[in-house]
Amino acid sequence: MPSVVTRFAPSPTGLLHLGSAYSALIAWTRAREAGGRFLVRIEDTDIRRCRREYETAILRDLKWLGLDWDGEVRRQSDHFSDYGHQLGRLSGRGLVYPCFCSRAEIEREIAASAAAPHGPDGPLYPGTCRNLTPAERKRRIAAGREHCIRLDAARAAAAAGPYDFVDEGRGRLEGQPLLMGDFVIARKDTPTSYHLSVTVDDHLQGVTLVTRGEDILPSTHIHVLLQRLLGYATPLYAHHGLITDATGRRLAKRDKDLTIRSLRESGLSPEEVRRRTLAAAAGQA
């Protein structure tokens, strides 16, 4: 087997833009330079926001940029059973629980707390449903109450034990299993979440090197936690810097003039767009 397997895993909620193209270019280059494999995966578990036309456009833009991939494109929405099976394993060990709280209820409880714990994205879920009795959980589910599934972070941390992982630019990092609290591991409308799906897919696809933006680094702590709980190997990570505009704001899908489609339609060649991408990443644009 090739020693290096990388992947690019966009969510089809908009057109491919310069920032995401940079991530794809890094992953493709690392795989090709090592004689390894570059995979493309469509992360479309958000069934309300993801659109097939964006998926088609993203794949077209990758091909236009000259980024070829190995094997078939894996679409997460085709593999809910894979994630449901792993969720069942975690449930069987008592590591997850149903959460019936609405977003408004969570916000009210956080606002009423004098010392709500915070994570990298703000206040953490206060654990309202963690201590419901099994009977009460069954009663609410039987009554048709909508619910997501959360990982019991404290139980999971105890089950996993201490762990670490390696990031190429930062060295060996100590895992922080409580960093994001009792995060959602399965949403109300699907048997999975980004965190569970990406962990399962990286394992099933044999990914050995995960290259992605440094904004995802906090999530890596809980992805490695899930790897420990599910008995998966931990890949090498390389969290790269983000492309920003002149004000220092991160590029995003709302930057319509910096989508690959708009750059192509402006008359630029694939080589020019690739050079522009690398220049922007280096702070030269």
Side-chain angles (χ1 to χ4, degrees), residues 1 3-7 9 27 30 43 82-99 106 110 113 115-132 148-187 191-241:
M1 293 182 61
S3 58
V4 174
V5 179
T6 67
R7 46 77 164 177
R30 292 293 300 270
E43 298 192 339
D82 290 337
Y83 317 129
H85 176 68
Q86 300 309 318
L87 180 64
R89 291 178 59 197
L90 297 173
S91 178
R93 296 171 63 184
L95 299 178
V96 302
Y97 63 88
C99 173
I106 294 172
I110 290 173
S113 174
H118 280 59
D121 297 322
L124 299 178
Y125 174 68
T128 308
C129 292
R130 185 190 308 124
N131 296 320
L132 292 177
C148 65
I149 304 295
R150 292 184 180 272
L151 188 79
D152 188 322
R155 285 177 177 261
Y163 64 90
D164 56 29
F165 61 92
V166 176
D167 177 84
E168 278 192 340
R170 298 166 178 81
R172 189 168 295 277
L173 301 177
E174 180 181 353
Q176 301 178 49
L178 306 182
L179 184 63
M180 302 183 77
D182 289 3
F183 61 89
V184 173
I185 198 167
R187 295 153 40 128
T192 189
S193 66
Y194 163 71
H195 300 302
L196 179 60
S197 298
V198 71
T199 302
V200 173
D201 283 345
D202 282 346
H203 167 71
L204 292 178
Q205 294 188 289
V207 173
T208 63
L209 171 62
V210 175
T211 62
R212 57 191 183 190
E214 61 188 4
D215 57 319
I216 307 298
L217 180 56
S219 295
T220 302
H221 288 271
I222 60 175
H223 296 170
V224 180
L225 169 64
L226 291 175
Q227 290 162 7
R228 296 271 298 188
L229 295 173
L230 295 171
Y232 297 164
T234 296
L236 174 66
Y237 289 92
H239 295 89
H240 59 75

Would you check if [X] and [Y] make a side-chain contact, meaning some heavy-atom pair closer than 4.5 Å?
| X | Y | result |
| --- | --- | --- |
| I110 | P126 | yes |
| E43 | V198 | yes |
| T199 | Q227 | yes |
| V200 | H85 | no |

Which heavy atom in [X] sits nearest to a heavy atom in [Y], and how many Å separate them?
| X | Y | value |
| --- | --- | --- |
| A157 | L178 | CB-CD2, 4.2 Å |
| L151 | A156 | CD2-CB, 3.7 Å |
| V184 | C148 | CG2-SG, 3.9 Å |
| M180 | P218 | SD-O, 4.1 Å |
| S3 | T208 | O-OG1, 3.4 Å |
| A186 | L87 | CB-CD2, 3.7 Å |

When rounded to the nearest 0.5 angstrom, what distance separates [atom1] in [X] from [atom2] in [Y]?
| X | Y | atom1 | atom2 | answer |
| --- | --- | --- | --- | --- |
| T220 | L225 | OG1 | CG | 12.0 Å |
| L229 | R93 | CG | CZ | 5.5 Å |
| Q86 | S197 | CD | OG | 11.0 Å |
| C99 | I185 | SG | CD1 | 13.5 Å |
| Y237 | I216 | OH | CD1 | 11.5 Å |

Practice item. Check step by step if side-chain hydrogen bond (donor to acceptor under 3.5 Å, both in side chains) holds for Y97 and N131. Key: CA-CA 9 Å; Y97 63 88; N131 296 320; over 6 Å; no

Study note, to complete from the structure: Hits for side chain to side chain contact (heavy atoms under 4.5 Å, CB included) against H240, two or more places apart or cross-chain, chain-then-number order -> Y22, S23, I26

Check your understanding: Taking only residues two or more places apart in sequence, or in another chain, which ones meet L124 in a side chain to side chain contact (heavy atoms under 4.5 Å, CB included)?
Key -> P117

Point to revise | Of all pairs that satisfy salt bridge (Lys or Arg N to Asp or Glu O under 4.0 Å), the ones with a partner from residues 175-187, not counting sequence neighbours | key: D46-R187, R130-D182, R187-D189

Check your understanding: Residues two or more places apart in sequence or in another chain: which of them pass ring-ring contact (aromatic ring centres under 6.0 Å, His included) with H118?
Key -> none

Exercise for review: Kindly determine whether H223 and Y194 satisfy ring-ring contact (aromatic ring centres under 6.0 Å, His included), including the steps that lead there.
Suggested key: CA-CA 10 Å; H223 296 170; Y194 163 71; 5.4 Å; yes

Point to revise | Full working for side-chain contact (heavy atoms from CB on, under 4.5 Å) between I149 and L90 | key: CA-CA 11 Å; I149 304 295; L90 297 173; over 6 Å; no

Practice item. Just do the side-chain contact (heavy atoms from CB on, under 4.5 Å) check on R89 and L230 with the steps written out, would you? Key: CA-CA 8 Å; R89 291 178 59 197; L230 295 171; 3.9 Å; yes

Review point. Does any donor atom in the side chain of T211 or T6 lie under 3.5 Å from an acceptor atom in the other side chain?
Key: no

Review point. Is a side-chain N or O of T234 found less than 3.5 angstrom from the main chain of V224, in a donor-acceptor match?
Key: no

Exercise for review: Kindly indicate, with the supporting measurements, whether the criterion side-chain contact (heavy atoms from CB on, under 4.5 Å) is fulfilled by Y232 and L226.
Suggested key: CA-CA 8 Å; Y232 297 164; L226 291 175; over 6 Å; no

Would you mind writing out the side-chain donor-acceptor pairs for residues 159-169 within the sub-3.5 Å range, not counting sequence neighbours?
| from | atom 1 | to | atom 2 | distance (Å) |
| --- | --- | --- | --- | --- |
| Y163 | OH | H221 | O | 2.7 |
| D164 | OD1 | R172 | NH1 | 3.1 |
| D167 | OD1 | H239 | N | 3.0 |
| D167 | OD1 | H239 | ND1 | 2.6 |
| D167 | OD2 | G169 | N | 3.1 |
| D167 | OD2 | R170 | N | 3.1 |
| D167 | OD2 | R170 | NH1 | 3.0 |
| E168 | OE1 | R30 | NH1 | 2.9 |
| E168 | OE2 | R30 | NH2 | 2.8 |

Point to revise | salt bridge (Lys or Arg N to Asp or Glu O under 4.0 Å) against D152, all qualifying residues, sequence neighbours excluded | key: R155

